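Treat the numbers as computed from the prediction; the structure is a model and nothing was measured. Residue numbers begin at 1 in each chain, while the letters A, B, ... track the order of the sequences.
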Amino acid sequence: MSKVRTRFAPSPTGFLHLGSARTALFNWAFARRHGGELCLRIEDTDLERSTSESEAAIVEGLAWLGFDWDGAIFRQSEHRVRHAELVEQLVEKGHAYRCTCSAQDIEARRQAAIAAGRNWVYDGRCRDAKHGPDSGPHVVRLRLPAEGRFEWDDLVFGPSGKDAAEIGDAIIRRSDGTPLYHLAVVVDDLDMGITHVIRGADHHLNTALQLALYDALERPPPRFAHLPLIVNAEGKKLSKRRDPVSVQDFRDQGYLPEALCNWLARIGWSHGDQEIFSMQEIRDHFDLAGVHRSAGQADPGKLAWLNQHWIKTLPGDALFERARPFFEAEAGRPVALDASLARLIELLRERSKTLVEMARLARFLLVDEVVSDEAAVRKHLRPEILPALEDLAARLAALPAWDEASLAGAFEAACAAAGGLAMGKLAQPVRVAVTGSAVSPGIHETLAVLGRERSLARIGAALERLRAG
RNA sequence: GUCCCCAUCGUCUAGAGGCCCAGGACCCGGCCCUUUCAAGGCCGCGACACGGGUUCGAAUCCCGUUGGGGACGCCA
């Protein structure tokens, strides 16, 4: 087998969504696993709907996910001449013909066929009309054999095929002269030297028509592999309109690319019982033979769990870089990694399902004016704690060293002095005083991270508030 | 309507005739740990769609039924 070359070929008509991302992932993994190449092709033959913003969004999404591709981006619109040439060639050889049936006529005949309970494929009216180039508005249709069957051995679906009679003479060039999807795909896959077409199962039966095109072009087809669809909670194919599934949205919600790829990889593919896959493991183990044929749902709960796993696993500085935008959004200013923040990240990584959540929990360190959760204040900063809190504040202020062990000692002493006060009775008020919230890492750790000055100031402010009633 | 595909816990899946009165993971519930929240540990709930075959033996093979999905564009 020659060197493997796959391609990811999105149409730039929106953001990069989950289904496309998984197709990209599997194309990437397959190519890399086999020491081959991955090409990126933008299928912009439909100029009405294609936008450069969308192309940029797709490229950005792919880069964020961590996929690298080989060579320059291939845009179908830049290969118009080539497409036109081959259509002409097909017409000359009699593999295609001009059709002057108007869209309205076709629609009327289609409706009639359906009304009569017949299955509709183009009825071949212009097949042998031999319309020339000057016969007015026309499209070009591929001439399919009247009989026979197009078959291929799908790398996922196994032996597959469709009768030529059920395909119908498909249009390959619009009346405005632009090529249609199937023609462009086949020509470009050929020109790019694609060896494996790995795409969504919604293209499974389209393969037959494309095989007819390969025949007409007298070129051998590549191998095909169709991936099971990812469906929404209703079991329906993911739709850009209905389902909020853009890769950028996941990023903005604080999901890591590692988690997203891991999640996607396990939908429709498995490697024994293994659940956790790094990008490296995906590319080492990915195998088309392990891909299923049944559609799968994307479970948000599993994503959250995987995201937390990767948050727990990533090296600290890498995690900081991922979290930085979220910290900065929370702080409202640039944030640099210092010892306190590094320590806080270590404390927070076990309690954050997303980077958004992590940033929210880090807020008490990032800003000077903490916003207090009033319910927590009412519950924990009550007058009866005032004496113990004052005693603790004094002990803290007198501490020679502001480290976790010393802080723990001060708390123990204060609890003992208060007649064996339960640790929680004192820790919660302090937690609310310094973080504004009833939830944070351990209180000693929290104070150590915050530092002596800010901690004492916030406790002092809480005391003032308590004294004031 | 025509053609195609699929069918194991709510979800993702292991399972390629006996290792399965079905294993793992997520979710959910409980317990432990504990200064909060998590994390972690332990336990639990929970499925081979149905009906026929084949076989000594079927989640695994065959047929049918039912259910779900996909494709049938001058979209990709």
Side-chain angles (χ1 to χ4, degrees), chain A residues 9-13 43-46 48-50 76 99 101-103 106-107 110 113-121 137-141 157-158 160-163 165-168 170-176 178-182 184-185 199-206 208-209 226 228-229 231 233 235-237 263 266-276 292-306 308 312 347-353 357 361 376 380 408 411 415 422-432 435 437-444 446:
Chain A
S11 58
T13 57
E43 308 219 317
D44 55 353
T45 53
D46 184 355
E48 298 272 315
R49 303 197 303 152
S50 301
Q76 289 193 317
C99 168
C101 298
S102 73
I106 294 285
E107 182 55 22
R110 198 176 72 86
I114 289 172
R118 280 180 290 115
N119 189 31
W120 166 264
V121 290
H138 65 271
V139 298
V140 171
R141 288 182 185 272
F157 281 77
S160 307
K162 188 171 178 179
D163 290 333
E166 283 170 10
I167 301 172
I171 296 173
I172 55 176
R173 188 177 75 190
R174 294 183 179 88
S175 50
D176 67 2
T178 58
L180 238 23
Y181 171 73
H182 293 290
V185 166
R199 68 217 324 185
D202 44 348
H203 287 295
H204 187 215
L205 273 326
N206 284 161
L209 169 60
H226 291 89
L229 263 19
V231 298
K236 299 285 202 301
K237 178 175 137 181
W263 186 47
R266 286 285 290 103
I267 300 173
W269 176 72
S270 60
H271 181 68
D273 278 339
Q274 189 170 343
E275 297 287 350
I276 303 295
H292 308 168
R293 295 182 214 180
S294 50
Q297 281 185 22
D299 176 17
K302 191 91 157 202
L303 203 219
W305 176 75
L306 285 167
Q308 183 159 36
K312 283 192 292 187
L347 296 168
L348 255 26
R349 69 196 314 167
E350 303 235 315
R351 41 201 116 210
S352 310
K353 281 193 158 43
E357 199 179 336
L361 290 169
H380 298 292
F411 271 84
C415 283
M423 183 64 185
K425 297 287 184 197
L426 195 53
Q428 279 305 83
V430 175
R431 194 186 311 280
V432 175
T435 70
S437 156
V439 174
S440 88
I443 193 63
H444 313 140
T446 299

Report yes or no: is there a donor-acceptor pair, N or O only, under 3.5 Å between the side chain of A:S175 and the base of B:C74? yes
If you take atom types as modelled and just measure distance, does the side chain of A:R118 reach the base of B:U2 with a donor-acceptor pair under 3.5 Å? no
Nearest-nucleotide 5' precedence on RNA chain B, A:A438 against A:F157: A:F157
Remember a base hit wins even if backbone is also touched, and classify A:K425 as base, sugar-phosphate or nothing at under 4.0 Å, heavy atoms. nothing
Is there a donor N/O on one and an acceptor N/O on the other, under 3.5 Å, for the side chain of A:K353 and the base of B:A38? no
Considering Watson-Crick and G-U wobble pairs with both distances under 3.5 Å, what does B:G44 pair with? B:C28
Distance-only donor-acceptor test (3.5 Å): side chain A:R351, base B:C37: yes
For the side chain of A:K312, starting at C-beta, report the closest nucleotide among B:U36, B:G40, B:C4. B:G40
Is a donor-acceptor contact shorter than 3.5 angstrom present between the side chain of A:D273 and the base of B:G23? yes
Point-to-point distance, once rounded to the nearest 0.5 Å, from CG of A:N206 to CD1 of A:I167: 9.5 Å
Side chain of A:E350 - closest among B:C12, B:A38, B:C6: B:A38
Whether A:K302 contacts B:C27 is assessed here as follows: a side-chain N or O lying under 4.0 Å from the phosphate OP1 or OP2. Is that the case? no
What is the base-pairing partner of B:C3, counting Watson-Crick and G-U wobble geometry with both distances under 3.5 Å? B:G70
Of the nucleotides B:C26, B:A76, B:G70, which has the atom closest to the A:D299 side chain? B:C26
May I ask you to say what A:Q274 touches in the nucleic acid, namely base, sugar-phosphate or nothing, with a heavy-atom cut-off under 4.0 Å? nothing
